[in-house]
Structures are given as structure tokens and as C-alpha cells.
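The block underneath contains the structure these notes are about, expressed in C-alpha cells.
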Amino acid sequence: MNKGTIGSDEIKMSAVSNPTPGDDGHESAEASKLKADRLRKLAAFKEQGVNPYPYKYVRTHKAAQLQEQYKDLAAEVETEDVVQVCGRILNSRNSWMFIDLFDDSGKIQLFCHKQNLSEEKLAQLKLLDKGDYMGATGTIRRTKQGELSVKVTDWQILSKSLLPLPDSWEGFKDVEARYRHRYVDMIMNESVRDNLRKRSLIIRHMRNFLDQHDYLEVETPTLQVEAGGADARPFITHHNTLGLDLYLRIATELHLKRLIIGGMEKVYEIGRIFRNEGMSTRHNPEFTMLEMYCAYGDYNDLMTFTEKMLRTVAENTLGTADFHYQGQDISFAKPFRKLRMNDAIKEITGLDVATLKSFEEAKQAALGLGVKLDKQDSRGSVVNAIFEDKVEHTLIQPTFIIDYPVEISPLTKAHREHEGEVERFEMFVFGRELANGYSELTDPHDQRTRLEEQGRKKAAGDVEAMPLDLDFIMAMEYGMPPTMGIGIGIDRLVMLLTDSASIRDVIAFPTMKPLGKQNKE
RNA sequence: GCAUGAGUAGCUCAGCGGUAGAGCACGCGCCUCUUAAGCGCUUGGUCGAGAGUUCGAAUCUCUCCUCGUGCACCA
């Protein structure tokens with residue numbers, strides 16, 4: 001078919017074969033009829049020499065711009081100002097006399113009075129459907145009922161919609177359908193668009209903050225021979241030419257540290273991370289993490305920096321650092337609480353884990369508190385299990401929990417004062433981990449020992465233990481400066497600042513199981 | 001992976017052993033300063049899929065699929 005040919009190509013139902021939303025591979029008679037009605041109108045446009053899919057439209061104003069510019073215009077007052085607007089039709093009243101046209105800034109009503117339109121354009125209004133895109137030329141007038149409108153003198157169809165949109169009054173609520181057809185969700189639900197806008201703003205403000213502090217944005221490999229830097233199961237893929245299985249990264253940590261070793265003193269990456277784990281309202285298989293590293297600082301400096309960054313990002317995004325999340329007031333404005341993990345456990349349970357000297361003692365104490373243990377294999381991992389079970393969910397306001405057990409922190413520098421602990425913190429808000437940072441381990445011998453321990457776990461069947469990355473050890477052997485580093489879950493931060501209950505509400509296209517296919521395995 | 005709830009028209013939902021319903025949307029007609037516009041008429045369904053129980057299944061039972069929520073894993 002020639003590009004731009006109008007009216008010559010025959011319209012076939014099968015040419016546009018996608019079923020309507022609710023797709024199960026079957027198109028009902030009703031769905032077929034609804035689409036056929038629209039295809040008939042599409043054909044009518046073409047028969048009348050109108051291209052229903054034109055190339056461009058020159059607009060003079062966006063909806064919000066007009067609403068602002070003419071906000072003081074009184075009802076039934078008309079101006080001579082000619083404007084051109086365009087957008088998607090979401091509603092019409094009075095037999096297409098009034099059209100609600102939406103662009104990404106908001107709504108402007110079109111007023112299509114028969115006195116102002118040619119007979120042809122008046123008649124063609126009947127070929128429009130809700131969901132179509134159109135552009136309109138006209139003057140500004142506020143109607144008798146007080147609605148600012150473009151009194152249309154001419155209009156063009158900009159795209160014919162073939163599928164019906166959900167009912168505008170009841171909305172689009174079916175959660176599964178919303179995630180599977182996110183474009184429809186975005187058309188119907190402003191909150192989805194708002195969340196994505198805020199997500200963009202949050203990331204922008206984060207970049208601005210880091211850039212202002214002389215951080216360099218970098219990109220590191222997504223495809224890795226060994227997936228290290230975190231405890232998680234990786235996705236596996238295959239490179240044909242190299243004949244090599246590769247892993248999708250589960251963290252950016254080990255490569256960012258190589259950059260520190262290479263002399264880049266402040267680096268960060270905002271990147272997609274892939275973890276082959278369960279899904280929940282807080283977990284998507286692919287998610288976005290900010291990791292940043294800075295030479296010559298320790299975890300105390302890092303907490304100060306993190307707190308300031310989060311406060312600034314919240315203020316710049318929301319206009320305030322105090323907000324509420326799921327009915328709770330959360331303050332990023334007040335100083336974040338900071339307490340040692342041992343003290344946090346003592347505060348909630350009364351148990352002083354410092355008195356537990358062995359794995360066995362820790363295990364007994366944990367069981368005494370009713371903490372369920374399964375794969376814990378060390379004193380430190382038991383202490384962490386107690387913390388996660390008893391304390392984590394109580395940390396509603398932003399809190400730094402500091403000084404973690406060494407056994408669960410293979411990349412962290414030993415604590416300068418406390419035996420068996422490392423200089424690591426995690427930050428919690430609303431009972432959820434938001435960030436994880438530490439004084440980075442820089443001693444190559446210590447690092448090798450720790451990773452060899454991980455290697456033993458891996459060999460023993462722990463699928464989440466870290467692999468021994470020899471090149472990483474070698475890099476560290478060249479000398480790594482004292483360094484602080486942190487990872488912040490961007491999706492979870494966006495959830496907080498948009499008051500979203502599920503991570504899927506802040507991801508444009510969350511991972512879904514496909515329909516109509518049997519899952520192998 | 002475990003538990004639990006859900007899946008009925010394009011959308012939102014009712015029906016829960018006895019002929020598959022409503023509102024909105026769609027189509028047709030009336031209506032030209034409306035705001036979920038209004039009025040009238042009409043159309044529209046493998047009741048997620050399959051098997052079973054029953055004279056009879058959207059409804060009861062079983063299996064499967066998908067989604068939500070919680071738990072597990074994890075961030």
C-alpha cells in the first residue's frame with residue numbers, strides 16, 4: 001500500500017484483528033459490532049476524501065494554557081481570538097454539539113454549533129467516536145453554563161479509534177485489565193499519569209542533587225558473567241556468538257566500585273536491576289535502583305548525605321517533605337532517627353543480642369521470641385532474622401538502622417569499634433527497606449575471605465550466595481580508597497511520594513504472566 | 001511455592017439450583033448553549049476453561065488458567 005493513499009485500501013475486519021480489552025483470543029459478537037461501527041465510520045471518512053490518519057497538526061494552545069489565559073472570561077462572553085487545539089475525545093453531549101477534548105495538560109470543551117460549521121464538517125461530526133483524536137480551529141467563548149470552550153469553525157480528525165473506551169462514569173477498575181492494557185488505564189485514570197509524571201520528577205531531582213554534588217553518572221554492564229553485589233537469584237540469558245550464558249545484573253555495586261578504584265571519585269547509576277524472586281506489592285522482577293559511591297567518606301557521612309538528598313527530592317517533588325502514605329503521616333523534614341540494630345531489637349523485644357555469643361545461643365533466644373528460623377546458619381543471620389521479624393515493621397518514620405552483623409554483609413567494612421559488626425545501615429520507612437548503605441570494604445584480603453565464605457555457601461546449595469568475582473578482587477588489590485556507597489530503591493521511593501500501595505502503580509508496564517499460553521515447566 | 005478472595009455484555013455490577021439481568025456505552029430517532037445532558041426505541045452473552053453431580057448448573061463438586069491480597073523468598 002502506498003504511503004498516504006486515501007480511500008483506496010479496502011477495509012477488512014481481519015486487517016485489524018486485535019480483540020478488544022479483555023482479550024482471551026476470542027472476539028464476541030458485541031465487540032465485533034462495536035468495532036464494525038467504527039470501521040464503517042473510518043470508511044466513510046475515506047470515501048469523503050479525508051485521511052483519518054493524517055501526518056501532523058499545528059496547535060497553538062494546550063487546554064490548561066487556555067483555561068489559565070481565559071480564567072476571568074465571563075459566561076456568554078466571546079473573544080475574537082482564534083486558537084487551534086488538539087487531543088483525544090473522551091466525551092460528547094447534545095449530539096456532538098459539545099465535545100470534551102483532552103490533551104496531556106487537561107480538558108477543553110469544543111462547542112460545535114451548526115451556524116459556525118460548513119455542512120460537510122457538521123455532517124462529519126457523526127463519524128466521530130469517543131476515543132478519536134481531533135484538532136479544532138475556533139474562537140474562545142465561555143458558554144451559558146460557564147464552560148470555557150473553543151467555538152469551532154473547522155476541525156480535522158487526527159486519528160480514528162477502533163476500540164471502545166471503558167465507561168467514563170464508572171471508569172476502568174478491573175485491576176488485571178488495567179495492568180495488561182496500561183495505555184487504556186492511562187487514558188482513563190489520571191492517577192496513573194500523575195504517578196508516572198512524579199516518577200520522572202523524582203528521578204530528575206535526584207539527578208540534579210547528585211550533579212550538584214559533583215557526582216558523575218555512569219553506566220555499567222547489565223549482562224554479566226557472574227551476578228554479584230547482592231543476595232538474589234539472577235535471570236539467565238545466552239549470548240549466541242560467544243556461546244556463553246550470561247546473567248542479568250542483580251546490582252550495580254561491583255562495577256561502580258571498579259570505577260572508584262579507577263579514580264572516579266564520585267559516581268552513580270540509576271539503572272534497571274533484575275532479580276528472579278517472588279513478586280508482591282513491593283517487588284517487581286525488574287526494578288530501578290540508584291547506587292552511588294563516593295571516595296573518602298564513611299557510612300556516617302553517607303547517612304547525612306542520604307537524609308539531605310531524600311528531603312530535597314521530596315520538597316522539590318511535592319513542595320513539602322511532610323506527606324502521608326496509606327493514611328500515615330510521614331516526615332522527611334524532621335531529622336531521621338538513627339539507632340544500632342542491637343538497640344532496636346532491645347527496644348522492641350527487651351532482648352540484648354550482645355549477650356548472645358554463639359549461633360546456638362542466638363538460635364535459642366530467637367525461638368524463645370517466636371521467630372521462625374529456616375536457613376539461618378550463623379549468629380549474625382539469626383540476629384538479623386530477629387530484627388526483620390520483630391522490629392522492621394515498626395519503623396514507620398524514616399529510620400537508619402546501623403551496625404549490622406558481619407555474616408550477612410560480605411561487602412562491608414568491619415566496624416571500627418564493635419566486634420562482629422560492620423559499618424552498614426539500612427533505611428526504613430513505613431516498615432519497608434528503602435536504602436542500604438555502608439562504609440565499603442576496601443581490604444582485598446578481607447574481601448577475598450568474605451567472598452570465599454559466600455562461595456562455600458553457594459557450593460552448599462545457597463542459590464543466593466554471591467559468586468567469587470576474581471576480577472573484582474584483583475581490582476581491589478590495586479588499591480581502593482576509603483569509600484561510602486548506597487543503593488536506594490527508586491520504585492519504593494516513588495511509591496512513598498505518590499501514596500501508591502503497589503509497586504505496579506509506579507511502573508508503566510509491570511511484569512505480567514501472558515494469557516493464552518500454558519506455562520512450561 | 002502456600003493460604004485466601006475474585007473472574008457474568010465494550011465498561012461498572014446484580015443474580016448464587018429452575019428460560020441470562022440492570023445502568024452506562026454502542027445503533028436508530030427527537031433535541032442545538034450541554035456538564036454522568038435529556039427523552040423514546042433497539043441491539044448486544046462460549047456467565048474464565050474443562051470435567052462431574054443433577055430432570056435441570058452462572059449458581060454445587062473437582063481440575064486447570066489469570067488477577068488481587070497476605071505469607072514465603074527478596075529490595
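In what follows, chains are A, B, ... by sequence order, proteins preceding strands, each numbered from 1.
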Nearest-Å distance, CD1 (A:I99) to P (B:C33)?
-> 16 Å
Calculate the interatomic distance between A:R282 atom CZ and B:G70 atom P; express it in whole Å.
-> 6 Å
Ignoring backbone atoms, test whether A:N276 places a side-chain nitrogen or oxygen under 4.0 Å from the OP1 or OP2 oxygen of B:C73.
-> no
Mind listing the N/O atom pairs, protein and nucleotides 42-45 of chain B, below 3.5 Å?
residue	atom	partner	partner atom	Å
B:G44	O2'	A:E30	OE1	2.3
B:G44	N3	A:E30	OE1	3.2

Only residue of A:F336, A:Y299, A:F305 satisfying ring pair (Phe, Tyr, Trp, His ring centres under 6.0 Å) with A:F400 is A:F336
Counting Watson-Crick and G-U wobble pairs only, both distances under 3.5 Å, name the nucleotide matched with B:U46, or none.
-> none
Distance from A:R282 atom CZ to A:D491 atom CG, nearest 0.5 Å?
-> 13.5 Å
Flag yes if more than 12 heavy atoms outside A:Q48 fall under 6.0 Å of its CD atom; otherwise flag no.
-> yes
Is a donor-acceptor pair below 3.5 Å formed from side chain A:E147 to base B:U35, judging by atom type as modelled?
-> yes
Can you tell me the pairing partner of B:A36 across any strand shown, Watson-Crick or G-U wobble, with both distances under 3.5 angstrom?
-> none
Output for pair (A:L367 CG, A:K372 NZ), nearest 0.5 Å, gives 12.0 Å
Does the B:U32 base have a donor-acceptor partner in the side chain of A:S95 within less than 3.5 Å?
-> no
To the nearest 0.5 Å, how far apart are OG in A:S409 and OH in A:Y438?
-> 7.5 Å
Please give the nucleotide sitting opposite B:C31 as a Watson-Crick or G-U wobble pair, both distances under 3.5 Å, or none.
-> none
Pairs: protein N or O with nucleotides 3-7 of chain B N or O, under 3.5 Å:
none

A:D491 near the nucleic acid: base, sugar-phosphate alone, or nothing, with a heavy-atom cut-off under 4.0 Å?
-> nothing
Residues in salt bridge (Lys or Arg N to Asp or Glu O under 4.0 Å) contact with A:E253, at least two apart in sequence or another chain = A:K257
Rounded to whole Å, the NZ-C1' distance (A:K173 to B:U12) equals 6 Å
Can you list every pair that meets side chain to side chain donor-acceptor pair (under 3.5 Å) and has a residue in residues 162-172 of chain A, with sequence neighbours left out?
-> none
Enumerate the protein-to-nucleotides 19-24 of chain B contacts in which both atoms are nitrogen or oxygen and the separation is below 3.5 Å.
residue	atom	partner	partner atom	Å
B:C24	O2'	A:D167	OD1	2.2

Apply the side chain to side chain contact (heavy atoms under 4.5 Å, CB included) test between A:Y293 and each candidate in A:T252, A:T483, A:I486; give the one that qualifies.
-> A:T483
A:K126 has an atom NZ; how far is it from atom C1' of B:C30, in whole Å?
-> 13 Å
When the distance from CE of A:M279 to C1' of B:G68 is rounded to whole Å, what number comes out?
-> 12 Å
What is the pairing partner of B:U61, taking Watson-Crick or G-U wobble pairs with both distances under 3.5 Å in any strand?
-> B:A51
Check whether any side-chain N or O of A:K130 sits under 4.0 Å from OP1 or OP2 of B:C26, and answer yes or no.
-> yes
Between N or O atoms, less than 3.5 Å apart, protein on one side and nucleotides 39-41 of chain B on the other: list the pairs.
none

Pairwise P distance, B:G5 and B:G40 [rounded to whole Å] | 43 Å
For the pair made of CG in A:L162 and C1' in B:G10, what is the distance, rounded to whole Å?
-> 14 Å
Send over the distance from A:R38 CZ to B:C26 P, rounded to a whole Å.
-> 8 Å
Answer yes or no as to whether B:A75 has its base stacked against A:F287, where stacking requires a ring-centre separation under 5.5 angstrom and planes under 30 degrees apart.
-> yes
Looking at A:R504, does any N or O in its side chain come under 4.0 Å of the phosphate oxygens OP1/OP2 on B:G68?
-> yes
For the base of B:C67, is there a side-chain donor-acceptor partner from A:R180 under 3.5 Å away?
-> no
Would you say A:R93 reaches B:A37's phosphate, i.e. side-chain N/O to OP1/OP2 under 4.0 Å?
-> yes
In Watson-Crick or G-U wobble terms, both distances under 3.5 Å, what is the partner of B:G68?
-> B:U4
When rounded to whole Å, the CG to C1' distance for the pair A:D374 and B:C71 reads 13 Å
